[in-house]
Amino acid sequence: MAHTLRVGVVGCGNISTTYFKYAPLFKGIEITACADINSEAAKKAAETYRVQAMEPAKLIKHKDVDIILNLTVPDQHFAVSLSAVKAGKHVYSEKPLTLSLKDGLKLRDTAESNGVKVCCAPDTFLGGSHQHARKAIEDGVVGKITSGTAHVMGFGMEHWHPNPDFFFKPGGGPILDMGPYYIANLINLIGPVKRVAALTNMARPIRTISSEPRNGESITVETPTNIHALLEFHSGATVTLSASWDVWAHRHANMELYGTEGAMFVPDPNFFGGEVLTTKRAAAAEPLPAWDHPFGKPNQENRGGMVANYRSAGLADLAAAVGSNRDARCSLERTLHAVDVMTAALKSGEDDKFVEMKTTCTKPAYLSPDEARAMMR
Ligand SMILES: NC(=O)c1ccc[n+]([C@@H]2O[C@H](COP(=O)([O-])OP(=O)(O)OC[C@H]3O[C@@H](n4cnc5c(N)ncnc54)[C@H](O)[C@@H]3O)[C@@H](O)[C@H]2O)c1
């Protein structure tokens, strides 16, 4: 039987509950400890999930921890991940990997010299629907993908998150916060990006929190909140990506890909499931034939409906990759490329010109239903 890797959570905030809840679905990983600069948060999580609470610096160096699960806020990702790899730990970080390409390259070099792997969210592209879309593209169902559109637009995180400041600071904004889901899935479906151009702006320099407990407080916005990007892929495909928190309502689909033989309508890359529709040339869109992928099965209530949530799948894939010394699907190489794409969009918005990518990557390995089933307890 494969060795189980012990996971230490650093950052016991909002998203940590999702990992505590779903990690036990997977073989090869076990959350054993947690830490937070807010010791009360760590203590509460430790009591709720029956793990050991520690100081962050102690947990990162602890001999009984193999993987650091970095769930801190974006501007802490680099420092926490870097100290973990320096301590000889593997890392799985929440997105984005880092806020700059320079930091990501330093993290890569340090991880390489310490012989450890670094992975980064999102893992939603491992969802049943997105793997189904991947298979259909590789089977030639819509021909060669030549273009597409992607939209992630809404009215902002200050209306639901209890502590939304970080979304509006450098390293936040809709492209670095929500872009990772879309770019990871585009890399999964089309491959790496060659160059990027974007127009960026912001609707409001001050945002007013309407969520509890800080209802009525103000946040000064320090990053663009509206980005319209053009992505040219190495495959030749061109895709527009609109990421905005300045939109009250819209009717755009999450992701549409246009091929030489038809079109594909891809569900929300922020979730693991949803219906994938395709057309044969201009005929009416039809769902792909049913398939039984475990990471597409609805298992969580969301806004009155049910969605598929298998967050921790990427963490389990990292543990399996460590065990067999293979490439992890949420690898640093791919998430570093996503950082390159996202920061290039912001740079293009500032400089008013196309930005060539400095990095590239391969598509992650396809995850079949049988392989996904084998990952689960
Ligand atoms: N909330 C979500 O639904 C969601 C979904 C997907 C991804 N994420 C990502 O997860 C990350 C965390 O988001 P969140 O919503 O949980 O934020 P949060 O503010 O609720 O929690 C972050 C926690 O990290 C702690 N922390 C900050 N710096 C630290 C450090 N240096 N060492 C130890 N602890 C530290 C904070 O005290 C806090 O408890 C972000 O990168 C976010 O983009 C969040």
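One is the number of the first residue; the rest follow in order along the sequence. Quantities reported herein were computed from a predicted structural model and do not represent experimental measurements. Order of listing sets the numbers, starting from 1, for every ligand and every atom in it.
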Subject >> Minimum-distance protein heavy atom relative to atom 1 (N) of ligand 1 >> reply: N14 OD1, 3.1 Å
Original post:
Do the rings of H151 and H252 sit parallel, tilted or perpendicular, given the 30° and 60° boundaries?
Top reply: parallel
Original post:
In terms of residue, atom name and distance, what is the protein heavy atom nearest to atom 24 (O) of ligand 1?
Top reply: G11 CA, 3.5 Å
**OP:** Indicate yes or no: at least one non-hydrogen side-chain atom of F125 is less than 4.5 angstrom from one of F272.
**Re:** no
Subject >> Within reach of ligand 1, part of V10 (heavy-atom separation under 4.0 Å) >> reply: side chain
**OP:** Heavy-atom distances under 4.0 Å are what count here, so tell me which part of Y181 touches ligand 1: side chain, backbone, both or neither.
**Re:** side chain
Subject >> Nearest-contact summary for atom 37 (O) of ligand 1 - protein heavy atom, Å >> reply: D36 OD1, 2.6 Å
Original post:
Hey, mind stepping through N70 and H77 against side chain to side chain donor-acceptor pair (under 3.5 Å) and telling me if it holds?
Top reply: CA-CA 7 Å; N70 182 356; H77 287 177; 4.7 Å; no
Subject >> Closest candidate by heavy atom, reference atom 19 (O) of ligand 1, pool V73, D165, L176 >> reply: V73
Original post:
Is there a side-chain contact between V276 and M264, using heavy atoms and a 4.5 Å cut-off?
Top reply: yes
Original post:
If we ignore angles and hydrogens, is there a donor and acceptor under 3.5 Å between the side chains of N226 and S244?
Top reply: yes
Original post:
Just checking, R311 and Y22: is the charged tip under 6.0 Å from the six-membered ring centre and within 45° of the axis?
Top reply: no
Subject >> Y182 versus N254, side-chain donor and acceptor atoms under 3.5 Å >> reply: yes
**OP:** Would you check the N or O atoms of I15, main chain and side chain alike, for any that come under 3.5 Å of an N or O of ligand 1?
**Re:** yes
Original post:
Is ligand 1 under 4.0 Å from a heavy atom in the side chain of V80, in the backbone, in both, or in neither?
Top reply: side chain
Original post:
Who's the nearest protein heavy-atom neighbour of atom 7 (C) of ligand 1, and how far?
Top reply: E94 OE1, 3.1 Å
**OP:** Answer with side chain, backbone, both or neither: which part of K95 has a heavy atom less than 4.0 angstrom from an atom of ligand 1?
**Re:** both
**OP:** Establish, from distance only, whether the side-chain atoms of R334 and T362 form a donor-acceptor pair under 3.5 Å.
**Re:** yes
Subject >> D177 touching ligand 1 at heavy-atom level, < 4.0 angstrom >> reply: yes
Original post:
Relative to the heavy atoms of H77, which atoms of ligand 1 are at a distance of less than 4.0 Å?
Top reply: 41 (O)
**OP:** Hey, can you tell me if Y49 and F20 have their rings parallel, tilted or perpendicular (30° and 60° cut-offs)?
**Re:** parallel
Original post:
Can you tell me the protein heavy atom closest to atom 40 (C) of ligand 1 and the distance?
Top reply: T72 O, 3.7 Å
Original post:
Hey, is W160 touching ligand 1 through its side chain, its backbone, both or neither, going by heavy atoms under 4.0 Å?
Top reply: side chain
Original post:
Do Q76 and ligand 1 have an N or O pair less than 3.5 Å apart?
Top reply: yes
Original post:
What protein heavy atom sits nearest atom 17 (O) of ligand 1, and how far off is it?
Top reply: F166 CE2, 3.8 Å
**OP:** Could you tell me whether ligand 1 has any atom less than 4.0 Å away from a heavy atom of P74?
**Re:** yes
Subject >> Residue and atom name of the nearest protein heavy atom (relative to atom 26 (N) of ligand 1), distance in Å to one decimal >> reply: I37 CG1, 3.7 Å
**OP:** Using the test salt bridge (charged side-chain N to carboxylate O under 4.0 Å, His left out), find all partners of R326 that sit at least two apart in sequence or belong to another chain.
**Re:** D317
Original post:
Is the ring centre of H161 less than 6.0 Å from the ring centre of F166?
Top reply: yes
Original post:
Of the protein's non-hydrogen atoms, which lies at the shortest distance from atom 15 (O) of ligand 1, and what is that distance?
Top reply: H161 NE2, 2.8 Å
Original post:
Is the closest side-chain donor-acceptor distance between S211 and H159 under 3.5 Å?
Top reply: no
